[in-house]
Amino acid sequence: MPKYYEDKEEDHRACAGIREDFKACLLQHDCVVKEGKMPSECLKEGHCKALQTSFFECKRSMLDTRSRFRGRKGD
């Protein structure tokens, strides 16, 4: 579920909730915090894979012509 914060500006871009959760997962993961690696390196190692897949599916649904009828995923 996307996290919403009252003191933050609303992000009206597509897939904003999943994007925020994905970013938070990467930046708070031990791979980045304790080991000091770049988030892109942690992605290659397979961390936060479920959120990465969800974000990809949400972005891909924007290009899908059927989404005009079904609506975008993740919104």
Side-chain angles (χ1 to χ4, degrees):
M1 303 266 320
K3 297 177 185 175
Y4 295 102
Y5 301 102
E6 295 177 6
D7 58 342
K8 288 188 80 174
E9 289 183 25
E10 262 190 62
D11 191 359
H12 296 289
R13 293 183 294 181
C15 310
I18 296 175
R19 177 193 313 263
E20 186 175 324
D21 287 344
F22 182 44
K23 179 180 172 184
C25 176
L26 277 176
L27 294 178
Q28 295 172 357
H29 201 277
D30 288 342
C31 178
V32 174
V33 177
K34 292 183 180 176
E35 297 176 22
K37 294 182 181 178
M38 296 288 293
S40 57
E41 294 172 352
C42 296
L43 273 179
K44 291 177 184 172
E45 294 176 5
H47 301 291
C48 303
K49 193 68 173 175
L51 283 172
Q52 182 182 16
T53 304
S54 296
F55 184 61
F56 170 76
E57 289 292 330
C58 181
K59 294 297 263 185
R60 185 171 73 173
S61 72
M62 292 171 51
L63 301 174
D64 188 5
T65 56
R66 294 176 292 175
S67 66
R68 291 179 295 166
F69 304 108
R70 297 180 185 171
R72 287 195 312 254
K73 293 181 182 178
D75 278 345

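Taking each heavy atom of Leu27 and Val33 in turn, the nearest pair found is O-CG2, 3.4 Å. Looking at every heavy atom in both residues, Leu26 comes nearest to His47 through CD2-O, 4.5 Å. Considering all non-hydrogen atoms of both residues, Lys59 and Cys15 come closest at N-SG, 3.8 Å. The two residues Cys25 and Leu51 make their nearest non-hydrogen contact at CB-CD1, 3.7 Å. Heavy atoms only, all atoms of each residue included: Ile18 and Cys58 are closest at CD1-CB, 4.1 Å.
No continuous path of ILVMFWY side-chain contacts below 4.5 Å connects Val32 to Phe22, so the two sit in separate hydrophobic clusters.
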Subject >> Worked check of disulfide bond (SG atoms under 2.5 Å apart) between Cys48 and Cys42 >> reply: CA-CA 9 Å; Cys48 303; Cys42 296; over 6 Å; no

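With respect to the salt-bridge test (charged N to carboxylate O, under 4.0 angstrom), the residues Lys23 and Glu20 do not qualify.
Counting heavy atoms from C-beta outward, Lys37 and His29 have side chains that stay 4.5 Å or more apart.
Considering CD of Glu41 and SG of Cys31, their distance stands at 7.5 Å, rounded to 0.5 Å.
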